[in-house]
Structures are given as structure tokens and as C-alpha cells.
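Throughout, protein chains are lettered first and strands after them, A, B, ... in sequence-line order, and every chain is numbered starting at 1.
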Amino acid sequence: MIFWKRTFPLLLTFLLGVTFTVQYYVPHPASESLLTEVSVWGQIIGGFAILLGVGSLIRSHYVKIKRREAGWGYSGVMFLSMLIMLGAGFWSGGKTESTSFGWLYNYVFVALQGTMFSLLAFFVASAAYRAFRARTPEATVLLVAAILVMWGRVPLGEHLVSGVGYIAEWIMSVPNTAAQRGILIGVSLGGIATSIKIICGIERSYLGKD
Amino acid sequence: MSAEVVIGAWVAVGLSLCMYSFLYKDNPFFKFGEHVFVGVSVGYLLTITYYQVMTNKLYIPMTQQGKWWLLVPAFLGLLLLARFIPSIAWLSRISFAFLLGISSGVAIPRQISSFILKQVEGTLKPVVTIGDGGIAWLTLAGLNALLVLIGVVSVLFYFFFSLEHTGTVRRVARVGIYFLMVSFGAAFGYTVMARMSLLIGRFDELMLYASASYGYATPVLLMVMIAGLLWWERGQSQKT
Amino acid sequence: MSDFVVRLLRLDRRIIFLLIALATLLPLLYPVSLPIRVSPEVQRVYDYIEKLPAGSLVLLSMDFEPGGKPELYPMAVALLRHAFQKNLKVLGLTLWPAGAGLAETAFTEVAREKGKEKGVDYVFLGYAPGDASAVISMGQDFHAAFPADYYGTKTADIPLLNKVRSLRDMQYVISLSVGFPGIDTWYVYGKEKYGFELGGGCTAVSAPRFYPLLDTGQINGLLGGLRGAAEYEILLGVKGKAMAGMAAQSATHFVIIFLIVTCNALYFLTGQARGRQR
């Protein structure tokens with residue numbers, strides 16, 4: 001049983017990892033066909049992965065209702081909204097144009113998600129006032145760069161101080177590019193190292209607990 | 001304006017104001033809106049998954065194109081869901097192994113090519129150019145290329161934690177820190193821009209729904225929300 | 001004086017919220033139009049589409065969900081208007097499940113406005129699951145990746161898709177992205193192997209990290225945030241939602257700058273800075 005629970009998944013990861021690393025360098029039609037087929041499989045399995053996240057959410061809210069935990073009524077609201085959306089979705093055949101599903105999408109989902117994200121505007125202003133202090137030379141450099149970019153990327157800023165737009169553009173194209181490139185190279189090297197560790201079975205956290 | 005559009009406007013405004021009530025403090029209106037959002041998201045995701053994935057990518061190819069071997073990835077997908085049943089949760093490891101093996105294998109050569117080789121190539125630009133007019137030493141392009149080179153190298157030095165940051169390494173890493181600070185400052189400026197854009201988008205819509213053609217939804221519901229919050233606040237203070 | 005300054009430093013955040021709300025609302029109620037300079041990275045996207053001959057295939061991947069709508073939806077509308085004006089053939093899809101509805105709305109509204117026909121002038125393919133797998137699948141065999149379009153019509157029966165075998169057949173791919181998967185997914189798993197030209201649009205929050213790709217030419221242009229969308233609208237000569245929002249953008253930015261400068265001035269006035277230096 002240990003073989004199927006532990007060894008087989010690790011072996012599968014290794015074989016597939018090596019195969020598809022090597023596949024990149026083999027332009028033979030058989031190799032390309034393999035990539036074509038497996039990428040379609042990846043799309044289908046990726047679709048099922050969405051259900052995994054959804055299932056976890058449904059389970060946690062169900063447990064909350066079952067145990068009558070604090071705020072369980074809101075979990076009931078969650079289930080009711082989900083069922084209404086699902087019902088409208090299947091009634092409309094998954095189409096959004098001029099359907100009840102589309103109506104719920106535009107006037108409920110879009111409105112709620114848009115508003116939720118827009119709340120951040122207020123909190124970024126509050127955080128900037130409370131925490132953005134030029135305590136050190138590094139913080140001062142950060143502050144000055146932030147102000148120049150905020151000033152230079154709006155029409156009023158460019159109207160008040162001519163040329164500040166070019167300064168903002170230069171900040172983005174030169175020092176920002178340099179730093180972000182350094183970060184990108186570093187993160188990519190780290191990502192590649194992690195991928196190699198996964199393929200070689202050194203990194204096994206994706207298997208979960210025994 | 002059709003009835004469904006007007007009703008939709010009132011619903012959108014009401015739910016938006018429920019979310020904005022959080023700016024006052026956490027309250028039942030916000031919690032209600034938050035849970036409606038979660039429910040509607042889940043319902044939407046499930047519907048899209050059924051029609052766009054199960055039907056379009058599985059059912060149609062299998063039944064109309066004879067691709068019955070797609071039952072294999074479908075089975076692997078179902079194995080993912082075994083995670084919810086403790087006695088057979090280990091079966092999901094097979095699907096995860098499949099997904100991770102392929103994604104890791106596919107990522108390695110492409111990331112090396114895209115994010116390492118190409119980016120290093122982009123860093124190594126000529127600082128001095130030689131043309132018909134002779135050698136051009138101090139062009140703006142050359143200076144910028146030199147700055148980018150210095151920036152990339154110094155930032156990489158900063159992130160090289162397995163080497164002790166003393167002496168020359170420390171000085172180079174300090175230069176890297178300043179490049180990072182400029183970048184983070186620029187990122188903060190752009191973050192402010194992004195967040196404010198989201199707010200502008202919502203306010204624009206709320207203003208549209210404040211008009212007579214939508215039955216003055218925004219001002220009416222704003223007054224209802226304020227009254228509701230005051231009533232709730234009164235209830236809270238009476239409890240304490 | 002010192003107490004007053006300390007109290008100002010601990011200002012109730014709801015007053016700051018009110019300032020931001022007013023800075024957003026007032027310019028929307030009383031708009032002020034100021035000239036907007038077009039940046040080179042936006043100009044490059046415009047110029048590339050402008051040079052494409054009629055009938056060229058353009059793939060627009062609207063990789064965002066409603067949270068990115070204020071910035072990316074105006075970009076999508078502007079790009080679609082431009083593409084349809086040039087009589088380009090447009091394929092639409094999204095790598096984000098929650099974005100399918102928004103993407104469909106953009107296509108149907110602009111197509112109706114420009115008198116374009118579904119299946120002949122444009123195709124909307126819907127949501128493509130699997131992130132990198134989706135892009136690779138399209139790069140290998142487009143019809144295998146999309147057996148049917150968003151509406152369930154078999155792609156083999158759609159006239160526009162008869163000449164499409166893979167991503168290599170695209171003259172231009174534009175990804176409007178709110179995060180991952182997005183522009184980098186299209187580059188790493190798409191352009192890198194299949195060789196199409198790639199342009200990008202993104203929310204302002206992710207724009208700084210795409211500048212290295214812009215610098216190396218891995219993406220030929222970038223529309224960053226609401227400002228990028230406004231610049232594209234100017235190039236098109238159409239006053240859309242993005243341009244209308246720039247006055248409010250200016251006001252809010254200056255409020256934030258004022259808050260930062262004020263809090264630093266107050267911070268130094270309290271002598272806290274001097275106390276720390278001792």
C-alpha cells in the first residue's frame with residue numbers, strides 16, 4: 001500500500017517532469033503530439049481543480065451551520081445565494097446575454113466584487129497617512145519615488161510641472177526595470193529550483209499528510 | 001428604461017452600499033453583502049465549470065468527436081475530489097502528482113529561456129556606441145543601459161543571502177537596496193493609481209444610478225443605509 | 001501645539017475616507033478636462049494594430065474578473081473598437097472563470113456598435129481552464145483546445161476558425177491581465193515557442209513588473225491602468241470611461257500626496273524624529 005500512497009505519486013512526478021523538460025528540446029512530431037494531448041488533459045483536470053476550492057468552501061460553511069456556530073445565519077445566506085445563482089445559471093443554459101444568470105452576474109456579482117476591491121482605495125490612503133514616514137534614507141528614497149510617480153502619471157501633475165511625466169517614465173523604464181529584473185531573475189531561479197526539487201521528490205508537501 | 005434594469009440598479013446600489021458600510025465599522029449589512037458575494041461567486045464558478053469545461057471540453061469531444069480517451073483526465077479530475085473523503089484521500093495524490101509533474105517539467109526550460117536568458121540578454125546593452133560620427137560616449141541610452149546593468153547586478157547581490165554581506169559585497173548590496181526602494185516607491189505610486197481607479201469606477205456607476213431614470217436609487221438607498229446603521233448602532237449601545 | 005500635532009497624526013481614519021470620497025466624487029460631478037500625453041508603450045500597441053492589414057487575426061485574452069473592470073474593461077472596449085474599425089478578425093477568450101461574463105459583454109456590445117457578425121468577424125470562445133495548459137493547448141492545436149465556442153457551437157463549423165490551426169496563425173495577441181494567469185503566462189507558454197507578437201494591458205498595480213519584459217521587447221507594448229486606457233482612447237479619438245475618470249484620478253493622487261507630505265511634516269514637528277536620532 002505504501003507503494004501506491006507514496007512511491008507511485010513520486011515516481012509519476014519524476015517521470016512526467018523529466019519527460020516534459022526533455023520534450024521542449026525534441027521537435028519530433030510524436031513529442032509534439034504528446035504535448036498537444038497532455039495540454040488538453042491539463043485543461044480538463046484544471047477545471048476539476050476549481051471544484052476542489054469550491055468544495056472546501058461549501059464544507060466549511062456547512063459545518064458552521066450544523067454546529068450553529070456564531071454567524072451561522074450568514075452561512076445560510078451564502079448557500080441561498082449560491083443556489084439562486086446555480087438555478088439561474090442552469091435555467092439560462094450558462095448564457096449571460098439577456099438572461100437571469102446575466103442579470104445576477106452584472107447587478108450582483110460585478111457590483112459586489114467591484115465594490116469590495118474599491119474599499120482598498122480608502123485603506124491605502126489611511127495607511128499612507130499613518131505609516132508612510134521618511135524615517136531612514138531608504139524610506140525617503142521610496143517616498144520621493146512614490147510622489148514623483150503619482151505626480152507624473154496624472155494630467156494635473158503634468159500640467160502643473162512640465163516634464164514631471166518624463167521623470168516618472170524614466171523612473172519606470174530605468175531604475176524600476178533594473179530592480180524588477182533583478183527580482184524576476186531571482187524569483188525565476190528560485191522557481192526553477194523548486195520545480196527541480198518537486199521532480200526529484202525532495203519537495204513533497206503537495207502529497208499532504210500521511 | 002426597462003424594469004429589470006431599474007431593479008438591477010437598485011440591487012447593485014444596495015449591495016454596494018452594504019459593502020461600503022464597512023468604512024464606518026464592521027456591521028451586519030457588510031457581513032450580509034460579503035456572504036452574498038461568496039455564494040454568488042461559487043454559484044457562478046460552478047455554472048461556468050459545468051458549461052465551459054464539462055460540456056465544451058469533455059462531453060462534446062467525447063460524444064461528437066469520438067475522443068473517449070478523455071475519460072482518463074476526467075477520472076484524474078474526479079480523483080482530485082477524493083481529498084474530501086478521508087479514507088480515500090490518498091488517491092488525490094495521483095492527480096496532484098500528474099499535474100505537478102507536467103507543470104514543473106513544462107515550466108523549467110520555458111522559464112530559463114523567458115525570464116533568465118532573455119532578461120540577461122536585455123541587461124547587456126552597449127554603453128558606448130560606435131558609428132559614422134565616431135564614438136558616442138555619453139548618450140542618454142548608454143547611461144540608462146549602464147544604470148540598468150548596475151541596478152540588476154546590485155539587486156542580485158542583495159538577494160544572494162548565502163554570501164555574507166561584508167566589505168565590497170555589502171557596498172554593492174546597499175546600492176541594490178536603493179534601486180529596490182525606487183522600484184517599491186514606483187510600485188506604491190502605481191498601487192495608489194490602481195486602487196483609486198477601482199473607486200472611480202464604482203462611484204461612476206453609483207452616480208449613474210442616482211439619476212431619475214433609475215428612480216434615484218443611490219440617494220434613497222444611501223439614506224436607508226445611514227438610517228439602518230444608526231438603528232444598529234443604537235441597538236449595540238443599548239446592549240452594552 | 002505639540003498635543004495638537006499629535007492629535008492630527010492620530011486623525012480618525014474616517015475623515016481620511018471622507019477626503020478620498022470627496023476627491024473622487026467632485027471631479028466626476030464637475031469634470032475638468034486636461035491634456036493627456038500618450039506614452040511610448042501605449043503608442044506601440046496602437047501603431048501595431050494600425051499597421052495590421054484587414055483580415056488579420058487578433059486574439060484578445062481578457063484575463064480579468066470584475067475586480068479589474070474599471071481599468072481593463074475600457075481597454076478591452078477601446079482595443080475592440082480599433083480592431084473592428086480596421087476590419088481585423090478578433091478571437092476572444094479569458095483565462096479567468098469569473099471574467100467570462102464581462103468578456104462576452106464587451107464583445108457583443110462593441111460588435112453590435114460596429115455592425116460585426118459573430119462567427120465571421122469575431123468569435124468568443126469563453127473560459128479556457130488550466131492556465132499554462134490552456135495556452136500550450138492553443139499553441140499546439142487550437143481546435144483541440146476549443147472543441148466549441150462559448151455558445152456551444154462546434155469550432156469546426158465556425159467559418160472564421162477554418163484558417164486557424166494554432167497560435168502561430170495569430171498576427172497579434174493581447175492579454176489584458178489582472179494577475180496570474182496573464183501576460184507572463186502568454187509569453188512563457190505562448191510567444192516563447194509559437195512566435196506570435198504579444199502586447200499587454202494590465203492593472204496599474206501589476207504594471208511595474210512588466211517593464212523588464214517591455215524593455216527586452218518580449219511584449220511590444222503595455223497599457224498600464226486607467227491612464228493606459230485613457231491614452232488609447234485619445235489615440236482612437238473616442239472619449240470613453242477611462243478619459244472621464246482621469247480628472248478624479250488627478251484629484252485623488254494629489255490628496256494622497258498631500259496626506260503623505262502632511263504626515264511627514266507633522267512627524268518631524270513633534271520632535272519624534274529628533275528623539276529617535278538621540
Side-chain angles (χ1 to χ4, degrees), chain A residues 5 9 12-13 16-17 20-21 24 41 43-45 47-48 50 52 54-55 74 77-78 81-82 85-86 89 94 103 107-109 111-112 114-118 120-122 124 138 141-142 145-146 149-150 171-172 174-176 178-182 184-186 188 192 195 198-199 206-207, chain B residues 8 11-12 15-16 19 23 31 35-40 42-44 47 49 51 53 57 73 76-77 80 84 90 93-94 96-97 100-102 104-109 111 115-116 119 144 147-148 151-152 155-156 159 178-186 188-189 192 195-196 198-199 202:
Chain A
K5 282 189 176 183
L12 188 63
T13 306
L16 289 169
F20 285 96
T21 305
Y24 180 79
W41 288 27
Q43 281 201 282
I44 293 165
I45 301 171
F48 278 91
I50 294 172
L52 204 64
V54 163
Y74 294 113
V77 166
M78 195 284 290
S81 324
M82 182 187 78
M85 193 67 168
L86 264 175
W103 187 93
Y107 295 109
V108 179
F109 185 41
L112 280 168
T115 312
M116 198 165 248
F117 277 82
S118 73
L120 292 164
F122 297 102
V124 88
E138 292 87 353
V141 167
L142 197 154
V149 167
M150 281 191 284
I171 289 174
M172 297 308 294
V174 182
N176 168 70
Q180 291 290 339
R181 181 169 287 161
L184 183 60
I185 292 171
S188 302
I192 290 159
S195 295
I198 288 171
I199 291 170
Y206 66 94
L207 292 178
Chain B
V11 167
L15 290 170
S16 298
M19 303 309 285
L23 295 170
K31 285 198 180 74
H35 284 79
V36 167
F37 169 64
V38 172
V40 159
V42 169
Y44 182 79
T47 311
T49 304
Y51 284 102
V53 182
K57 295 199 193 305
L76 285 170
L80 273 176
F84 292 119
W90 65 271
R93 291 179 183 186
I94 297 167
F96 280 113
L100 273 157
I102 291 170
S104 303
V106 147
I108 291 170
Q111 293 244 341
F115 289 153
I116 295 171
Q119 289 296 314
N144 287 340
L147 265 171
V148 168
V152 172
V155 166
L156 285 170
F159 284 121
Y178 281 101
F179 272 91
L180 285 166
M181 291 300 116
V182 172
S183 178
F184 294 154
F188 176 80
V192 164
R195 303 301 174 216
M196 295 306 154
L198 300 181
L199 187 63
R202 287 315 301 156

Given a strict heavy-atom distance threshold of 4.5 Å, which part of B:F179 is in contact with chain A: side chain, backbone, both, or neither?
both

If we only count heavy atoms from C-beta on, is the A:V124 to B:M196 side-chain gap below 4.5 Å?
yes

In Å and rounded to the nearest 0.5 Å, what is the CZ to CG distance from A:F122 to B:L23?
5.0 Å

Provide the closest heavy-atom pair for B:F84 versus A:L52 in the form atom of the first, atom of the second, distance.
CZ-O, 3.2 Å

In chain order, what residues pass the side chain to side chain donor-acceptor pair (under 3.5 Å) check against A:W103, with sequence neighbours excluded?
none

Please find the pair of heavy atoms, one from B:V53 and one from A:Q43, that lie closest to each other, and give the distance.
CG1-O, 4.5 Å

Give, as side chain, backbone, both or neither, the part of B:F159 having an atom under 4.5 angstrom from any heavy atom of chain A.
side chain

Give me the one residue out of B:V38, B:V40, B:V42 that meets side chain to side chain contact (heavy atoms under 4.5 Å, CB included) with A:S81.
B:V40

Scanning both residues in full, the closest heavy-atom pair of B:Y51 with A:G89 reads CE1-O, 4.0 Å

Shortest non-hydrogen contact from B:S183 toward A:N176:
OG-OD1, 3.1 Å

Of the listed residues (B:G77, B:G151, B:G189), which shares the most heavy-atom pairs with chain A below a 4.5 Å separation?
B:G77

Minimum-distance pair of heavy atoms, taken over all atoms of B:F184 and A:L142:
CB-CD1, 3.9 Å

Do A:I192 and B:F115 make a side-chain contact, defined as non-hydrogen atoms from C-beta onward lying under 4.5 Å apart?
no

My understanding is that only residues two or more places apart in sequence, or in another chain, count here; which of them pass side chain to side chain donor-acceptor pair (under 3.5 Å) with A:T115?
B:S16, B:R202

For chain B, the option from A:M150, A:Q180, A:E138 that forms the most heavy-atom pairs under 4.5 Å
A:E138

Report yes if some heavy atom in the side chain of B:T49 is under 4.5 Å from a heavy atom in the side chain of A:V54; otherwise report no.
no

So that I know where these two stand, are B:F96 and A:Y206 an aromatic pair - ring centroids less than 6.0 Å apart?
no

Comparing B:V148, B:L76, B:L147, B:V192 against chain A, the one with the most heavy-atom pairs below 4.5 Å turns out to be B:V148

On a heavy-atom basis, the closest approach of B:P73 and A:I45 is O-CG1, 3.6 Å

To the nearest 0.5 Å, tell me how far B:I116 CD1 sits from A:S188 OG.
5.0 Å

B:F188 versus chain A, heavy atoms under 4.5 Å apart: side chain, backbone, both or neither?
side chain

